[in-house]
A.B. asks: 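Have a look at this one before I ask anything.
One-based numbering along the sequence shown.
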Amino acid sequence: MSVCNITRTTPNIGYLDADVFDAMGFSQSVRFGNMVHYAGVAPLKGGLKNLEVIGEDDAAGQIEFVLATLDACLKADGLTREHLLSWTIYTTDIAEFSAHAALLSEWVGPYRPASTIVEVSALFLPKQKLEITVFAAVSDGISFVNDVTP
């Protein structure tokens, strides 16, 4: 039974394996009313036994992977970049990240979300350079149709 019509989902999009979500105790997306919050999307792929950082020494490659994964998350929920409300970007090197900021601008196009960018001392894996959390709006009539893991 869902409390207050909260829907917790983990779409099967070829990103992280279900064991990562289970071990860490989180869902990729949580919907409440007309808002969806996406857990931090990182340049990671695989399961607990084979978790790998995508583009270990390539900040641009990591950004591109994260943005493609965000596209897949949005699509799994019947949404697009147009539905973006805000994002928080965590990076281990703000100067390096800023050198590739045009990738973000090109990706969002005219649908620019409210934004916060924070430099942190470390992320989940040592070669991981960024992670992005997102809030999106759900238009009336859109329901989640993705694969769900409890």
Side-chain angles (χ1 to χ4, degrees), residues 7-139 142 144-149:
T7 305
R8 294 168 173 86
T9 62
T10 301
N12 183 6
I13 57 170
Y15 171 46
L16 297 175
D17 294 349
D19 66 342
V20 174
F21 296 101
D22 293 342
M24 301 296 178
F26 73 101
S27 299
Q28 185 60 56
S29 61
V30 177
R31 178 180 176 174
F32 177 71
N34 286 345
M35 291 190 56
V36 181
H37 175 82
Y38 292 94
V41 175
L44 305 175
K45 193 165 186 169
L48 290 175
K49 292 182 179 177
N50 64 342
L51 194 60
E52 66 176 300
V53 176
I54 304 299
E56 287 188 1
D57 297 314
D58 179 12
Q62 288 195 13
I63 293 168
E64 290 168 344
F65 178 86
V66 167
L67 295 176
T69 303
L70 283 171
D71 267 335
C73 287
L74 290 166
K75 182 178 180 181
D77 292 332
L79 306 176
T80 67
R81 297 171 197 172
E82 183 177 5
H83 294 92
L84 296 175
L85 294 174
S86 67
W87 60 16
T88 302
I89 301 167
Y90 303 91
T91 179
T92 56
D93 187 333
I94 200 111
E96 181 181 35
F97 176 82
S98 295
H100 303 289
L103 293 171
L104 297 172
S105 181
E106 291 168 11
W107 185 80
V108 297
Y111 309 113
R112 296 178 178 178
S115 179
T116 301
I117 302 173
V118 180
E119 184 175 79
V120 296
S121 61
L123 289 163
F124 189 63
L125 291 180
K127 296 286 188 168
Q128 180 183 341
K129 298 175 181 287
L130 79 147
E131 189 161 325
I132 301 177
T133 61
V134 171
F135 278 99
V138 177
S139 303
I142 293 179
F144 281 10
V145 293
N146 55 23
D147 293 333
V148 177
T149 56

A.B. asks: With rounding to the nearest 0.5 Å, note down the distance linking CG in D22 to OG in S27.
C.D. replies: 9.5 Å
A.B. asks: Do you know which two heavy atoms are closest between P43 and V66, and how far apart they sit?
C.D. replies: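 Closest pair (atom of P43, atom of V66, distance): N-CG2, 3.5 Å.
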A.B. asks: Can you find a heavy atom in the side chain of L44 that is under 4.5 Å from one in the side chain of V20?
C.D. replies: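 Side-chain contact under 4.5 Å: no.
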A.B. asks: Mind checking whether W107 and W87 have parallel, tilted or perpendicular rings, split at 30° and 60°?
C.D. replies: parallel
A.B. asks: Rounded to the nearest 0.5 Å, what separates atom CG in D93 from atom CD in E119?
C.D. replies: 6.0 Å
A.B. asks: Between CG of L51 and CD of Q128, what distance do you get to the nearest 0.5 Å?
C.D. replies: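 Here the rounded value is 8.5 Å.
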A.B. asks: Which is it for V120 and T92 under the side-chain contact (heavy atoms from CB on, under 4.5 Å) test, yes or no, and what are the steps along the way?
C.D. replies: CA-CA 5 Å; V120 296; T92 56; 4.3 Å; yes
A.B. asks: Quick check against the 3.5 Å criterion: does Q28 have a side-chain atom that pairs as donor or acceptor with the backbone of Y38?
C.D. replies: no
A.B. asks: Would a distance-only check, ignoring hydrogens and angles, find a side-chain to backbone donor-acceptor pair under 3.5 Å from Q62 to V53?
C.D. replies: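 Checking the backbone N and O of V53 against the side chain of Q62, no donor-acceptor pair under 3.5 Å is found.
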A.B. asks: Are any non-hydrogen side-chain atoms of K129 and L123 less than 4.5 angstrom apart?
C.D. replies: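 A side-chain contact is absent here, since even the closest heavy-atom pair is not under 4.5 Å.
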A.B. asks: Any sub-3.5 Å donor-acceptor pair from E56's side-chain atoms to K127's backbone N or O?
C.D. replies: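 Side chain of E56 to backbone of K127, a donor-acceptor pair under 3.5 Å: no, none is there.
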A.B. asks: Backbone N or O of G47 within a donor-acceptor pair of the D19 side chain at under 3.5 Å?
C.D. replies: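 No; judged by distance alone, with no hydrogens or angles, the pair does not exist.
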A.B. asks: Less than 4.5 Å apart, any side-chain heavy atom of L74 and any of T80?
C.D. replies: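 In short, these two side chains do not touch, never coming nearer than 4.5 Å.
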A.B. asks: Heavy atoms only: give me the nearest H100-E96 pair and the separation to one decimal.
C.D. replies: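 Result for this residue pair: CD2-O, 3.2 Å.
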A.B. asks: Heavy atoms, side chains only, cut-off 4.5 Å: are L67 and V108 in contact?
C.D. replies: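 Answer no - side chains too far apart.
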A.B. asks: Given 3.5 Å as the limit, does a donor-acceptor pair link the side chain of Y90 with the main chain of T133, or not?
C.D. replies: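 No, the answer is negative, given that no donor and acceptor are paired below the 3.5 Å cut-off.
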A.B. asks: Mind checking the CD1-CD1 spacing from I54 to I63? Nearest 0.5 Å is all I need.
C.D. replies: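 The CD1 atom of I63 is 14.5 Å from CD1 of I54, to the nearest 0.5 Å.
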A.B. asks: Compare every heavy atom of L85 with every heavy atom of A136, then report the nearest pair and how far apart it is.
C.D. replies: C-CD1, 3.7 Å
A.B. asks: Do N50 and D17 come within less than 4.5 Å of each other through their side chains, counting heavy atoms only?
C.D. replies: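 Sidechains of D17 and N50: in contact.
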A.B. asks: With heavy-atom distances below 4.5 Å as the criterion, would you say the side chains of T88 and F135 are in contact?
C.D. replies: no
A.B. asks: Just so I know, are the side chains of R31 and V138 near enough to count as touching, which here means a heavy-atom distance under 4.5 Å?
C.D. replies: yes
A.B. asks: If you count every heavy atom of other residues, nucleotides or ligands that lies below 6.0 Å from F26 atom CZ, does the total exceed 12?
C.D. replies: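 Atom CZ in F26 is crowded, with more than 12 foreign heavy atoms closer than 6.0 Å.
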A.B. asks: Yes or no on side-chain contact (heavy atoms from CB on, under 4.5 Å) for V134 and V41, after CA distance, side-chain angles and deciding distance?
C.D. replies: CA-CA 9 Å; V134 171; V41 175; over 6 Å; no
A.B. asks: May I ask you to check whether H83 and S139 show a side-chain donor-acceptor distance below 3.5 Å?
C.D. replies: yes
A.B. asks: Before you tell me yes or no, could you show the steps for I89 and L104 under side-chain contact (heavy atoms from CB on, under 4.5 Å), namely the whole-Å CA-CA distance, both residues' side-chain angles and the distance that decides it to 0.1 Å?
C.D. replies: CA-CA 11 Å; I89 301 167; L104 297 172; 3.7 Å; yes
A.B. asks: Drop me the distance from F97's CZ to I117's CD1, to the nearest 0.5 angstrom.
C.D. replies: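 Interatomic distance, F97 CZ to I117 CD1, rounded to 0.5 Å: 5.0 Å.
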A.B. asks: Consider only side-chain N and O atoms of S29 and T9, and report whether a donor and an acceptor are under 3.5 Å apart.
C.D. replies: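 Yes.
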A.B. asks: Does any part of the side chain of S105, heavy atoms only, come nearer than 4.5 Å to the side chain of R112, both counted from C-beta?
C.D. replies: yes
